[in-house]
Amino acid sequence: MLEAIFDLRNVRKVYRMGEERIVALEDISIRFEKGKIYCLLGTSGSGKSTLLNMLAGLEKPTKGSIIFMGKPLEKLNEKQLALYRQRYVGFVFQSYNLLPTLTALENVTLPLTFRKVKRRERIKRARVMLKAVGLGNRARHKPSELSGGQQQRVSIARAFINNPQVVFADEPTGNLDTKTTFEMMDLIIGIARERQQTLVIVTHDTEIAQYADQVINIRDGSIESITERKAITSRSEMESENVIDGGNNNEETGV
Ligand code: ADP
Ligand code: MG
């Protein structure tokens, strides 16, 4: 068994809206291992983002414990949580969340600014990262001068520049067309695998779930099932699997 990065014990999350109580997560106990790729799969409102936000230290559980490499996150204060995110966590959002007044290069260097890396070194590392995501020639562009797919590439470069222990991606391809979606997934998965980083992807899309080593099906705030699978590493692999499926179908119909 691999070393645990997160260990969740009986996690419950209840939101209060005036008189109303919304149980977003019921009783979640699950272990995440270092270097694996996870997918939280479920329909809208099932509690995926709530779970991700708790792993990221953006929300606290109402009950239960979230242990990150031996330390319970819910015991940290706001300042310690901010440090946790800066040091160990990278984010990819559906809406990219780039700063509009900064260039692509400057956006990518941001996480290093918090870590007090020298300016010359920040720029050097950001250039390498931008190249790795295929945007070496767009360093000086502002987000508004980039396509959606290019903006997401910048945000992927930003997520990984710190070499974080874990990268969280909440519906990272939600605003992208099908072709760009798979390019983006191939890119995120490729970087995470190469660096043996833990990746937690939130999605409602079963095709995206095919990239994960483990799919955690969430329904109404509970874990419905967990599927271990042989993950694909790229879209082309997924297509070749489908070809094999097609072959079987043909056999069945006698064609
Ligand atoms: P998903 O990401 O799977 O679409 P969420 O985790 O965002 O689902 O939400 C789970 C449930 O919790 C939903 O019913 C949602 O309305 C509710 N919820 C999420 N965030 C809040 C909040 N800040 N305040 C109140 N209710 C919330
Ligand atoms: Mg969500």
Side-chain angles (χ1 to χ4, degrees), residues 5-32 37-68 73-74 76-78 81-82 84-85 89-98 148-149 151-152 155-156 158-159 164 166-178 180-182 184-185 188-189 192 198-227 229:
I5 181 160
F6 291 106
D7 204 347
L8 277 68
R9 301 194 184 148
N10 307 103
V11 169
R12 182 176 165 84
K13 180 69 180 181
V14 182
Y15 289 109
R16 271 173 206 285
M17 300 270 290
E19 293 286 276
E20 203 189 347
R21 290 166 76 249
I22 298 162
V23 181
L25 293 173
E26 198 67 75
D27 181 17
I28 306 278
S29 294
I30 186 175
R31 188 173 181 278
F32 292 82
I37 295 178
Y38 292 87
C39 176
L40 306 178
L41 182 67
T43 53
S44 170
S46 55
K48 308 180 296 294
S49 293
T50 304
L51 183 54
L52 197 78
N53 290 344
M54 287 205 282
L55 296 174
L58 295 166
E59 304 250 16
K60 290 207 169 173
T62 312
K63 264 197 190 139
S65 187
I66 299 172
I67 296 159
F68 169 75
L73 287 184
E74 70 280 358
L76 302 183
N77 63 31
E78 284 309 315
L81 282 173
Y84 158 70
R85 286 192 295 270
V89 172
F91 283 99
V92 180
F93 300 94
Q94 175 172 354
S95 49
Y96 325 129
N97 288 23
L98 300 174
Q151 289 182 59
Q152 196 58 306
S155 99
I156 291 167
R158 180 185 57 185
V166 55
V167 171
F168 297 115
D170 195 344
E171 306 271 8
T173 60
N175 291 340
L176 302 172
D177 61 65
T178 310
T180 314
T181 288
F182 290 110
M184 225 48 64
M185 287 308 300
I188 299 180
I189 298 291
T198 314
L199 181 62
V200 186
I201 306 164
V202 158
T203 187
H204 61 273
D205 184 339
T206 51
E207 281 204 306
I208 287 180
Q210 295 194 57
Y211 285 91
D213 301 309
Q214 198 177 103
V215 181
I216 301 159
N217 287 284
I218 311 220
R219 191 188 172 114
D220 294 336
S222 297
I223 295 177
E224 188 180 42
S225 62
I226 296 177
T227 320
R229 51 188 321 288

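Atoms within a ligand are numbered from 1 in the order they appear, just like the ligands themselves.
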Between F182 and Y211, how do the two ring planes meet: parallel, tilted or perpendicular, split at 30° and 60°?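 Rings of F182 and Y211: parallel, under 30°.
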Does S49 have any side-chain hydrogen bond (donor to acceptor under 3.5 Å, both in side chains) partners at least two apart in sequence or in another chain, and if so, which?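 With neighbours one apart ignored, the set is D170.
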From L52 atom CG to E171 atom CD, the distance as rounded to the nearest 0.5 Å: 10.0 Å
Distance filter under 4.0 Å, heavy atoms only, around ligand 1 gives Y15, M17, I22, A24, T43, S44, G45, S46, G47, K48, S49, T50
Heteroatoms of the protein, restricted to N/O/S, which lie under 2.8 Å from the Mg ion (ligand 2):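 The answer is S49 OG.
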Keeping [X] on the side-chain end and [Y] on the backbone end, is there a donor-acceptor pair under 3.5 Å?
{"X": "Q152", "Y": "F93", "answer": "yes"}
{"X": "Q214", "Y": "I226", "answer": "no"}
{"X": "T203", "Y": "I208", "answer": "no"}
{"X": "K60", "Y": "L73", "answer": "no"}

Determine whether the side chains of D220 and S222 contain a donor N or O and an acceptor N or O closer than 3.5 Å. no
Return all side-chain donor-acceptor pairs below 3.5 angstrom for residues 21-32, not counting sequence neighbours, or 'none' if the list is empty.
unit_1	atom_1	unit_2	atom_2	d
E26	OE2	R12	NH1	3.0
D27	OD1	N10	ND2	3.0
S29	OG	N10	N	2.9
R31	NH1	E33	OE2	2.8
R31	NH2	L2	O	3.1

